[in-house]
Student: 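There's a structure below that I have some questions on.
Just so you know, ligand 1 is whichever comes first in the structure, and atom 1 is the first atom listed for that ligand.
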Amino acid sequence: MDNKKPNTLLDLAILQLLRNETATIQALEEIPRDLFVPLFCASFKGVHKNIVKAMVKVWPFTCLHIGTFTVRKPHRKLLTAMLEGLQFLPVQNSGSRIPKLRILDLREDSGCKIVCPKICTKSPGCLFSCAHSEHSILKIQSWKSIASSEPEIQPSSLPMELIVNISIVSSITLRQHEYLTLLLNKVEESSGSLHLCCRDLEIDELGDRRNILDYLDLKCLVSLSVFQGSLVDVNNLLAQVGQLRRFCLSRITCRSLNGKAFRNFVSHLRCMDHLNELNFHSFVLTDHLETALRVLPTSLDFLHLTFCELSYNDFKFLAECPQANHLKLLNITHNPMDWEDYEPFYNILHRISGTLQHLAVNQCVLTDSMVAGVIPALSRCSQLRVLNFFSNPVSMPMLMRLLEHLTPLMELKYVIYPIPVHCYGRWPIQDSLDQQKLANVQARLKQMLREAGRSDMIWFTFPG
Ligand SMILES: [Zn+2]
Ligand SMILES: [Zn+2]
């Protein structure tokens, strides 16, 4: 009896094709359309650069996405090869197969299939085609159909889209720089028929990046991260942006939170109706968190406010604002809560106890009395998976008490705890750390987890 699975023959065929690279490239005109996706996947995984490049040239579907592949170092040259293989339609092709590719999606791990299913009724037949830019296939096609006096679309001007994520930061490698240059060259080469559709942009030194930004339509962005810059420059960028789902600002300077630049900034925030993740790092907002947050939608899942110098009043607002109603992640690292009243922090945790999965409160000067005050709220966080509160002045008895209250939280798997103060000659001076005392703490907590039947829960720490 034949026990072979139905796909074994397919696997063998693909293997054979990969072994004979030159013959396979010559045969691409002839091989069945159904073999394209499995052959592309196998070629990508096996880093068969020449086959991947040749396949892009004769791709028989409207779209091609990297899909769920994560691009590791050896795969990077594949992205370059795919770009090189991209031809502007229609191409002079002596073969029998007419290339159909109009949307090439080079985003890593975008979570979509290599080719969109046929059921997609959205023009041009791709679930991820651009819906925002004036240069998108969708918009150009609709203009052409509206303008009845326009002649038929000339084959030489068939629009195409290249969907990418771009990082323009000082630390990019030479290879990333070359990739970026190739992207821009492709746009130049297309004479206006290729829309470079950037969905996720990371950028620093805004003032020096103008020439690259000129190639992008910022309306296409879903995610924007700006590292280092003035709020005035950020505002200039936001004036061109459409609907972001993720917005990150890091090391942003603002002369005065009562000035015009901050008011303009807030008016841009007010337009972010679909925002899901907000990440402010090293952006001083003392006593102005309410002004920034209250204009945002209540759909936030992820909120990072690290090194923002938040005040007692900011925490009180955070405890009441509808924008923080159902957070999955709250990161308020390095905002010292050096006040006696634990209520604001308690109220924050109490309100999001049904949804919170990840809490980070490192370096917040959390004392024993603050931890004791919030334990009742923390122990209700039934969805909590990660608790990170290293570098806080907490005692060993308080750590043990906390552990007892957290072990019933079955979703909680990782706790990064502070080294208790008695381990230091002088907290938190690293040179005064007693390694033997720390080893005793680790052993004691491990034993408690074992006794509570929670060996699956990992408690670890590090000086910091
Ligand atoms: Zn698609
Ligand atoms: Zn676009």
Side-chain angles (χ1 to χ4, degrees), residues 33-34 36-41 44 52 55-69 71 79 82-83 85-89 99-144 157-168 180 183-184 186-203 212-225 237-247 272 274:
R33 207 168 104 112
D34 289 349
F36 265 74
V37 171
L39 180 59
F40 176 80
C41 291
F44 199 94
V52 166
M55 289 189 85
V56 170
K57 284 184 179 169
V58 291
W59 193 250
F61 306 96
T62 305
C63 56
L64 169 54
H65 306 269
I66 296 281
T68 51
F69 285 124
V71 180
L79 300 188
M82 289 172 79
L83 269 180
L86 187 65
Q87 302 177 98
F88 303 108
L89 297 175
K100 288 187 176 166
L101 184 64
R102 304 213 26 217
I103 296 168
L104 179 60
D105 181 355
L106 297 179
R107 291 173 300 162
E108 292 176 34
D109 201 13
S110 60
C112 54
K113 294 191 166 164
I114 302 291
V115 171
C116 285
K118 273 186 186 164
I119 48 166
C120 173
T121 51
K122 183 183 161 192
S123 176
C126 173
L127 292 164
F128 301 88
S129 65
C130 179
H132 303 290
S133 174
E134 294 304 311
H135 305 286
S136 68
I137 295 177
L138 200 64
K139 291 275 168 67
I140 292 176
Q141 280 182 342
S142 65
W143 289 345
K144 299 275 182 185
S157 66
L158 274 180
M160 296 181 75
E161 286 175 10
L162 181 55
I163 309 177
V164 288
N165 295 333
I166 293 181
S167 179
I168 324 170
L180 194 58
L183 278 179
L184 303 185
K186 272 285 163 186
V187 178
E188 294 279 359
E189 197 186 301
S190 76
S191 313
S193 65
L194 180 64
H195 167 48
L196 183 61
C197 189
C198 177
R199 303 288 170 91
D200 183 337
L201 176 66
E202 289 183 345
I203 189 165
I212 297 175
L213 288 178
D214 287 345
Y215 284 85
L216 305 179
D217 185 341
L218 300 183
K219 286 194 188 73
C220 305
L221 291 182
V222 175
S223 169
L224 171 65
S225 305
L237 208 59
L238 290 178
Q240 305 165 58
V241 164
Q243 286 295 344
L244 296 176
R245 284 186 59 76
R246 183 170 172 271
F247 180 40
M272 296 187 184
H274 301 293

Student: Say you draw a straight line from CG of Leu196 to NE2 of His135; how long is it, rounded to the nearest 0.5 Å?
Tutor: 11.0 Å

Student: To the nearest 10°, what's the angle at the Zn ion (ligand 1) between atoms SG (Cys126) and SG (Cys116)?
Tutor: 120°

Student: Do Glu202 and Ser225 meet the criterion of a side-chain donor-acceptor pair at a distance under 3.5 Å?
Tutor: no

Student: Counting backbone and side-chain atoms alike, does Cys63 have an N/O/S atom under 2.8 Å from the Zn ion (ligand 1)?
Tutor: yes

Student: How open is the angle at the Zn ion (ligand 2) from atom SG of Cys130 over to atom NE2 of His195, rounded to 10 degrees?
Tutor: 110°

Student: Any side-chain to backbone donor/acceptor pair from Glu161 onto Ile137? Under 3.5 Å, distance only.
Tutor: yes

Student: If I take every N, O or S atom of His132, is at least one of them less than 2.8 Å from the Zn ion (ligand 2)?
Tutor: no

Student: Distance check, rounded to the nearest 0.5 Å: Asn165 atom CG versus Ser223 atom OG?
Tutor: 8.0 Å

